[in-house]
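This report concerns only the one structure given below.
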Amino acid sequence: MQKCLQITKNARPRTSIIYEPQGRAREYAELAANLYRGCDHGCTYCYAPLATRTNRESFHQPSVRNNVIEKFRHDAKELERVGETRPILLSFTTDPYQHLDIKEKLTRKAIDTLHYHNLKVTILTKGGKRSERDFDLLTKRPELSEYGVTLVFINEEQREEIEPFAASTYERINSLKRAHNQGIRTYVSLEPVWEPKQTLKLIEMTSDFVDFYKVGKLNYHSQKANVDWRKFRIDVCKKLNDLGKNYYIKEDLKKFI
Ligand code: SF4
């Protein structure tokens, strides 16, 4: 659900594209923007068709939102006016580096706009190499930039079946490494968790170049019944503590104690 911003009594910025996510999504970011409707990565566990009340078939044929960059520029100007300091996430209900963005380049325009208005951006993507196109912008304003990827599978056959048109895990990890090597703050979203063993291994494989982990569970798929969430919660905290990493456990996983 989207809610336009009502920040202070005096300023009351009116925004239409940058919004405050509600519920579980808010644990990830207090501000977000979705530049596209739908996403062509085709993940079978995707919650966004449900959240946006779109059938899956139409959701996987994405389009550009009407006048999105004009509206986004207006929103950014408003947020700068009221001194907003919270990062803006690109994106929740679409991937900022899906294939459509190769042609449209809206994510690049959005990052540029946020930086121009001295606003922070945090990227979350499964686009792999496609997302590296904009590292030049992120490295120019490292104090305002953060780059994150979602990692679910080590098993590439499973990844192809369940996230068919997203970049391979290997490619996503390489993009993380490159971001880190260029001085960009990095994070990994370990959500959804499909199989705990794979998630724990992904942490080991990335801990040298990832600054922060966000851990959730699987919510919108029958596979969630096959996981011992209590055991996973204990194991994942131990692993991250042993490696000395900073992390956040989402509320729906935290309750398995
Ligand atoms: S990348 Fe994200 S938005 Fe796109 S289909 Fe996969 S889960 Fe949904």
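Numbering starts at 1 and runs along the sequence shown. Counting convention: from 1, in listed order, for ligands and their atoms alike.
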**Study point:** Salt bridge Glu146-Arg185, side-chain N to carboxylate O under 4.0 Å
**Key:** yes
Point to revise | Salt bridge Arg86-Glu84, side-chain N to carboxylate O under 4.0 Å | key: yes
Practice item. Under the salt bridge (Lys or Arg N to Asp or Glu O under 4.0 Å) rule, collect the residues that match up with Arg133, sequence neighbours excluded. Key: Asp101
Check your understanding: Does the side chain of Tyr28 reach to within under 4.5 Å of the side chain of Ser189, using non-hydrogen atoms?
Key -> yes
**Study point:** Residues Arg108 and Asp112 bridged, charged N to O under 4.0 Å
**Key:** no
Exercise for review: Keeping waters out of it, list the protein N, O or S atoms under 2.8 Å from atom 4 (Fe) of ligand 1.
Suggested key: Cys39 SG
Point to revise | NZ/NE/NH1/NH2 to OD/OE distance under 4.0 Å, Lys140 and Asp136 | key: no
